[in-house]
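Report on one structure; see the data block that follows.
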Amino acid sequence: MARLAVNVDHVATLRQARGIDEPDPVLAAGIAELAGADGIICHLREDRRHINDRDLGLLRRTVKTKLNLEMAGVREMVDIAVEIRPDMVTLVPERREELTTEGGLDVSGQADHYAHVAGELKDAGIDVSFFVDPSEDQIENSHRCGADIVEIHTGHYSEARTEAEAEARFERIEAAVERAAALKLGVSVGHGLNYANVKRFGSLTQVEEYSIGHSIVSRAVFVGFERAVREMVELVKDF
Ligand code: PXP
């Protein structure tokens with residue numbers, strides 16, 4: 001029985017498009033929890049393009065399930081995390097010009113840096129997840145650097161243009177999930193998952209959590225946020 005963590009960044013993106021105070025990602029988080037979500041995720045970016053410091057502070061005070069702060073492993077963000085104390089942090093790479101997170105962390109290339117960042121967060125009592133591509137090398141290095149959890153990047157799978165391509169990419173995810181589970185890491189997956197392509201994950205019983213944002217917010221425009229979350233909860237809870 002897998003958990004669903006709902007990313008509310010996209011609600012904030014809509015708010016920022018008007019530069020006013022609605023729709024509020026904090027309200028969305030409350031509705032997601034009422035609809036059965038097991039956690040709330042927000043990404044505080046260096047440029048504050050969607051979630052801002054006010055949102056993060058209020059989410060910390062109101063989220064009753066589990067607050068997962070996505071952030072780059074940089075000094076400013078580590079200081080904010082240590083002050084705000086989300087339940088967990090997911091470290092992601094961040095480039096100012098990207099539309100969304102484009103790939104996993106290069107843990108293998110910057111092991112000392114990530115081990116240090118993970119250590120500081122864990123000393124503050126925060127669980128640490130590394131967002132990585134489905135590469136066994138990256139997963140083994142995440143384990144060495146002290147990650148508690150790995151979130152395996154499913155974006156390339158979700159962008160596959162043919163069934164054969166999707167299947168080949170899924171097999172890489174499957175191998176990565178197995179390696180992470182063998183190392184006793186917590187295993188999450190996320191990026192680009194929607195109500196159709198998530199079904200393929202039903203066989204991956206070691207995946208504990210699904211991190212999903214865009215497809216839920218997209219569906220919410222037509223069916224309402226509560227129903228959109230509930231339908232995704234129903235899908236992943238049977239995995
Ligand atoms: N996981 C990570 C690390 C992400 O950066 C994102 C996008 O914010 C997601 C999951 C959710 O991806 P999507 O919005 O495509 O569901």
Side-chain angles (χ1 to χ4, degrees), residues 2-14 16 25 28-29 32 37-52 55-56 59 66-73 77 81 86 88-107 114 117 127-135 138-139 142 147-160 169 173 176-177 180 186-201 207-221 225 228-229 231-233 235-236:
R3 301 185 297 262
L4 174 69
V6 175
N7 183 315
V8 295
D9 295 352
H10 309 279
V11 177
T13 298
L14 192 53
Q16 298 314 105
D38 303 287
I40 300 298
I41 306 170
C42 67
H43 183 171
L44 187 68
R45 283 182 167 268
E46 188 192 6
D47 61 8
R48 309 298 195 268
R49 72 169 72 152
H50 39 52
I51 294 291
N52 59 34
D55 301 332
L56 178 62
L59 286 168
K66 193 179 72 176
L67 179 63
N68 178 353
L69 171 61
E70 265 179 34
M71 57 176 231
M77 292 299 157
M88 65 182 276
V89 156
T90 299
L91 293 174
V92 297
E94 196 174 299
R95 287 198 309 121
R96 224 168 227 277
E97 60 278 21
E98 69 193 358
L99 284 177
T100 180
T101 312
E102 286 172 350
L105 292 175
D106 180 16
V107 188
Y114 285 115
V117 171
D127 287 340
V128 179
S129 175
F130 284 8
F131 181 60
V132 290
D133 287 327
S135 136
Q138 296 290 352
I139 286 165
S142 301
D148 303 292
I149 302 156
V150 282
E151 180 180 332
I152 296 166
H153 184 20
T154 52
H156 302 297
Y157 158 76
S158 68
E159 285 161 13
R169 294 177 183 187
I173 295 170
V177 167
V187 189
S188 306
V189 291
H191 214 282
L193 295 176
N194 60 38
Y195 297 79
N197 66 18
V198 77
K199 290 183 181 151
R200 183 67 183 87
F201 286 76
V207 175
E208 293 161 322
E209 191 163 289
Y210 288 78
S211 161
I212 306 183
H214 189 264
S215 64
I216 293 176
V217 176
S218 302
R219 193 177 190 88
V221 171
F225 202 67
V229 173
E231 287 177 356
M232 192 61 89
V233 167
L235 275 175
V236 307

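Computation of the quantities below employed the complete heavy-atom set of this structure, encompassing side-chain atoms and omitting hydrogens, waters and symmetry-equivalent molecules. Numbering starts at 1 and runs along the sequence shown. Whatever order the structure lists ligands and atoms in, that order sets their numbers, starting from 1.
- Here the side chains of P93 and F131 are in contact, with some heavy-atom distance below 4.5 Å.
- Remark: ligand 1 atoms within the under-4.0 Å shell around heavy atoms of N7 are 8 (O).
- Ligand 1 lies less than 4.0 angstrom from a heavy atom belonging to S211.
- Using modelled atom types, one finds no donor on one side chain facing an acceptor on the other under 3.5 Å when comparing H191 with E151.
- Taking E159 as the reference, nothing meets the side-chain hydrogen bond (donor to acceptor under 3.5 Å, both in side chains) condition, with sequence neighbours excluded.
- In terms of protein heavy-atom proximity, atom 16 (O) of ligand 1 is closest to G213 N, 2.8 Å.
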Verdict with reasoning, N197 to S158, per side-chain hydrogen bond (donor to acceptor under 3.5 Å, both in side chains): CA-CA 7 Å; N197 66 18; S158 68; 4.7 Å; no
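- If you check each of H153, E151, H191 against atom 1 (N) of ligand 1, the one with the closest non-hydrogen atom is E151.
- Considering only non-hydrogen atoms, atom 13 (P) of ligand 1 lies nearest to H214 out of H214, H50, E70.
- For ligand 1, the atoms closer than 4.0 angstrom to any heavy atom of F131 are 3 (C).
- Checked for salt-bridge contact, R49 and D47 meet the test: a charged N lies under 4.0 Å from a carboxylate O.
- A 4.5 Å side-chain heavy-atom check between Y195 and S215 finds at least one atom pair inside the cut-off.
- Numbered from 1 in the order shown, with element, the atoms of ligand 1 that lie under 4.0 Å from a heavy atom of V92 read 3 (C).
- Qualifying side-chain contact (heavy atoms from CB on, under 4.5 Å) partners for D38, counting only residues two or more places apart in sequence or in other chains: R3, L4.
- Counting heavy atoms under 4.0 Å from ligand 1, residue H10 touches it through the side chain alone.
- At least one N/O-N/O distance between G192 and ligand 1 falls below 3.5 Å.
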